[in-house]
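Every number for a ligand or one of its atoms is a count from 1 in the order of the listing.
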Amino acid sequence: MKEQIGVLISEEEVDARIAEMAAEIDAAYEGKTVHMIGILKGSVFFMCELSKKMKTPVTLDFMSVSSYGDGTRSSGIVKLNKDLDETVEGKDVIIVEDILDSGRTLSYLIKLLGERKPASLKVITLLDKPERRVIPVDLYMTGFVVPDRFVVGYGLDCAQKYRNLPYIGVIEQ
Ligand code: IMP
Ligand code: MG
C-alpha cells in the first residue's frame with residue numbers, strides 16, 4: 001500500500017528555523033571552532049544545512065548507535081555501531097540529532113562523550129517529542145517541538161524511506 005505523507009512543517013519553515021539556529025550558534029561560539037557530531041543517519045540532512053548556514057569554523061565527525069526494542073518501543077539498551085574518527089578532547093562539541101524521543105540515545109551519548117574530556121558539550125536537536133521522554137536530556141537548542149506522532153523527512157525515516165523529503169511529514173496511510 002502506498003503511504004500518504006502529510007506536511008507537518010514545511011520546507012520554508014524548516015529552512016528559516018535552521019537559519020535562526022545557525023545565527024544563534026555563531027553568536028555564542030564567536031572565536032571558537034564548533035566540533036559537530038552527527039548521529040547517523042537521521043541527523044545528516046539537518047547537520048549539513050545547519051553547518052552551511054554558520055559562519056563559525058566547523059569540523060565534523062559521526063557516530064552510529066542503535067537502540068534495541070520491538071520496533072515501536074525501545075528496550076533502553078543502546079549499542080554503539082560506529083565510534084568517532086577523531087578525539088573530542090579539548091574541543092567545543094555539539095551533538096546534532098534529528099529527534100529527541102525517549103531520551104535514551106542522547107543520555108547514553110552525553111555520558112559517553114562527557115567522559116572523553118571535551119572543552120564543552122552541548123546537544124542540538126531538530127525535533128523534540130517531549131511527551132515521550134523517559135530520561136531527561138538537557139538541550140542547548142531545539143528546532144521544533146512536535147506532537148507524539150511518527151514523523152519522517154529531513155533525515156527521519158520509516159523503515160529507511162523518506163529521509164530525503166525536504167520537509168517534516170507525517171504518515172497518514
Ligand atoms: P530516543 O533514544 O528514544 O530518544 O530515540 C531517538 C531516535 O529514535 C531518533 O534518533 C530517531 O532515529 C528515532 N525516532 C524517534 N521518533 C521518531 C519519529 O517520529 N520518526 C522517525 N524516527 C524516530
Ligand atoms: Mg536517529
Side-chain angles (χ1 to χ4, degrees), residues 1-11 13-15 17-18 21 25 34-51 60-85 88 93-116 121-173:
M1 188 178 76
K2 185 142 178 15
E3 292 145 331
Q4 295 288 323
I5 310 290
V7 178
L8 183 67
I9 307 167
S10 72
E11 183 172 1
E13 285 176 280
V14 179
D15 288 347
R17 179 65 187 127
I18 294 176
M21 295 169 94
I25 301 168
V34 174
H35 189 60
M36 281 190 175
I37 294 179
I39 311 307
L40 296 170
K41 306 168 189 146
S43 72
V44 168
F45 291 73
F46 172 45
M47 188 173 177
C48 289
E49 291 308 313
L50 182 67
S51 59
L60 306 177
D61 207 346
F62 296 93
M63 271 182 137
S64 171
V65 291
S66 47
S67 72
Y68 284 108
D70 59 12
T72 52
R73 264 181 314 180
S74 93
S75 63
I77 301 166
V78 181
K79 179 173 167 263
L80 182 62
N81 299 321
K82 183 216 170 288
D83 206 338
L84 299 169
D85 292 334
V88 294
V93 173
I94 299 182
I95 300 174
V96 181
E97 248 294 37
D98 51 359
I99 188 164
L100 174 58
D101 191 27
S102 73
R104 289 186 170 111
T105 308
L106 276 173
S107 64
Y108 168 84
L109 290 172
I110 291 164
K111 183 170 180 294
L112 185 74
L113 298 185
E115 288 165 357
R116 297 182 185 179
L121 179 61
K122 287 191 158 53
V123 180
I124 291 182
T125 183
L126 178 61
L127 305 176
D128 181 11
K129 240 192 243 182
E131 286 168 55
R132 301 243 313 164
R133 197 81 80 256
V134 175
I135 304 176
V137 171
D138 190 14
L139 287 172
Y140 171 49
M141 218 181 279
T142 303
F144 301 91
V145 172
V146 292
D148 184 9
R149 295 188 63 186
F150 198 80
V151 292
V152 294
Y154 229 99
L156 292 138
D157 72 306
C158 179
Q160 299 302 325
K161 287 196 295 183
Y162 308 120
R163 290 193 196 275
N164 61 320
L165 293 178
Y167 55 88
I168 306 293
V170 282
I171 298 173
E172 287 175 338
Q173 301 302 340

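- In this structure, R149 has a heavy atom closer than 4.0 Å to ligand 1.
- Proximity of a side-chain donor or acceptor of R17 to a complementary backbone N or O of T142 within less than 3.5 Å is detected.
- Distances below 4.0 Å separate heavy atoms of E97 from the following atoms of ligand 1: 10 (O).
- In this structure, V152 has no heavy atom closer than 4.0 Å to ligand 1.
- With sequence neighbours excluded, no residue satisfies side-chain hydrogen bond (donor to acceptor under 3.5 Å, both in side chains) with D61.
- Formation of a donor-acceptor pair under 3.5 Å by the K41 side chain with backbone atoms of G155 is not found in this model.
- For ligand 1, the atoms sitting less than 4.0 Å from at least one non-hydrogen atom of R104 are 2 (O), 4 (O), numbered in the order shown with element in parentheses.
- At a 4.0 Å heavy-atom cut-off, ligand 1 touches L156 through the side chain alone.
- Heavy-atom distances between G103 and ligand 1 reach below 4.0 Å in at least one pair.
- In this structure the side chain of V14 never reaches within 4.5 angstrom of the side chain of E49, judged on heavy atoms.
- Remark: among candidates D157, I39, I99, the nearest residue to atom 23 (C) of ligand 1 is I99, based on non-hydrogen atoms.
- At least one heavy atom of K129 lies less than 4.0 angstrom from ligand 1.
- Checked against salt bridge (Lys or Arg N to Asp or Glu O under 4.0 Å), D15 has no partners two or more places apart in sequence or in another chain.
- Within 6.0 Å of CD in E172 there are more than 12 heavy atoms belonging to other residues, nucleotides or ligands.
- Looking at D98 against ligand 1, only its side chain comes within 4.0 Å, counting heavy atoms.
- The structure places CG of L50 at 8.0 Å from CE of M141, a figure rounded to the nearest 0.5 Å.
- The closest heavy-atom contact to atom 3 (O) of ligand 1, among the options G169, A159, S102, comes from S102.
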